[in-house]
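To start, the structure itself, in structure tokens.
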Amino acid sequence: MADRTMRLEKYIATSGIASRRAVKKSILAGLVTVNGEPVLVPGHPINVETDAVEFEGKRVKPLMERIYLMLNKPAGYLTTRSDERGRPTVMNLVADLPESIYPVGRLDLETEGLLIFTNDGDFAYRLLHPSHEIAKTYLTWVKGVPDDSAVQRLRQGVTIPSGRTAPAKVERLKVSRDGASTQFEVVIHEGKKRQVRFMFKAVGHSVIRLKRVAVGTLRLGNLPQGQYRLLTPQEITTLMEL
Ligand code: URA
């Protein structure tokens with residue numbers, strides 16, 4: 001039979017309510033109750049199916065009800081929960097999961113790659129909050145061969161319709177044999193609208209293809225396009241601690 005117990009501080013931290021360290025402090029301060037009784041031992045075993053845990057007066061969402069996953073989004077799917085015009089949305093690709101899940105952040109219609117879903121509001125909030133400045137890594141293929149000065153400008157920041165972009169990591173990976181396109185890896189910490197596309201446009205090169213390959217330490221790996229997989233407890237905890 002599967003193990004139904006988990007250490008109290010891990011149980012709370014994986015819900016996204018607070019970091020593991022903050023959770024431990026609150027437990028020691030008597031601010032955590034299990035089935036209505038304060039528990040002062042961080043390693044106290046929780047039955048994840050039956051115990052009711054409150055953290056600083058707030059009910060911790062039961063583990064069984066929390067879902068965290070990543071999808072390898074193909075181009076051509078809108079990142080929205082529903083589309084009044086009936087166009088394909090990312091929800092179509094996770095239709096066999098509970099309806100309570102939603103995408104964390106957004107990829108453009110034509111952008112591919114790593115998109116996280118959850119039904120855990122605290123987790124989504126943490127991941128999206130600009131103060132956390134989580135790194136997002138993209139692979140992109142652009143028209144032509146941007147020269148060194150264009151790459152330098154991209155690294156330092158360029159002006160796009162929504163403002164000036166912060167310094168970014170931009171690496172030229174390879175030029176196609178016919179010189180018609182160049183592949184780059186781009187790491188940004190912001191989420192301005194169509195940011196990568198507008199950045200390259202600002203230096204005179206249009207994006208042909210764009211794929212997100214990592215969010216923080218979470219990597220897309222070889223997940224096939226159009227498929228999803230659940231995040232591991234380790235991946236969830238690491239994202240929460242970013
Ligand atoms: N930058 C873009 O231009 N589009 C995306 O979907 C994500 C980042």
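We count ligands from 1, going down the list as the structure has it; atoms in each ligand are counted the same way. For this chain, numbers begin at 1 and follow the sequence in order.
- The pair Lys58-Glu56 does not count as a salt bridge, with every side-chain nitrogen at least 4.0 angstrom from each carboxylate oxygen.
- The backbone and the side chain of Val196 each have at least one atom closer than 4.0 Å to an atom of ligand 1 (non-hydrogen atoms only).
- The part of Tyr138 lying near ligand 1 is the side chain, judged by heavy-atom distances below 4.0 Å.
- Under 4.0 angstrom from ligand 1, there are no non-hydrogen atoms of Ile188.
- Within ligand 1, counting atoms from 1 as listed, the ones closer than 4.0 Å to a heavy atom of Gln195 are 1 (N), 2 (C), 3 (O).
- Nearest protein neighbour of atom 2 (C) of ligand 1, counting heavy atoms only, is Leu210 CD2, 3.4 Å.
- The N/O atoms of Arg194, backbone and side chain alike, include one that comes under 3.5 Å of an N/O atom in ligand 1.
- Checking each of Lys73, Arg197, Arg106, Arg194 against Thr111 for a side chain to side chain donor-acceptor pair (under 3.5 Å) leaves exactly one that passes, namely Arg197.
- The ring of Phe117 has its center no closer than 6.0 angstrom to the ring center of Tyr228.
- Backbone and side-chain nitrogen or oxygen atoms of Leu107 are examined, and none is located within less than 3.5 angstrom of a nitrogen or oxygen of ligand 1.
- Taking the six-membered ring where the residue is Trp, Phe200 and Phe184 present tilted rings, their angle falling between 30° and 60°.
- Asp148 has a carboxylate O that lies under 4.0 Å from a charged side-chain N of Arg172, or vice versa, which qualifies the two as a salt bridge.
- Ligand 1 has a nitrogen or oxygen under 3.5 angstrom from a nitrogen or oxygen of Asp108.
- For the residue pair Tyr77 / Asn92, no side-chain donor-acceptor distance below 3.5 Å is found, with atom types taken as modelled.
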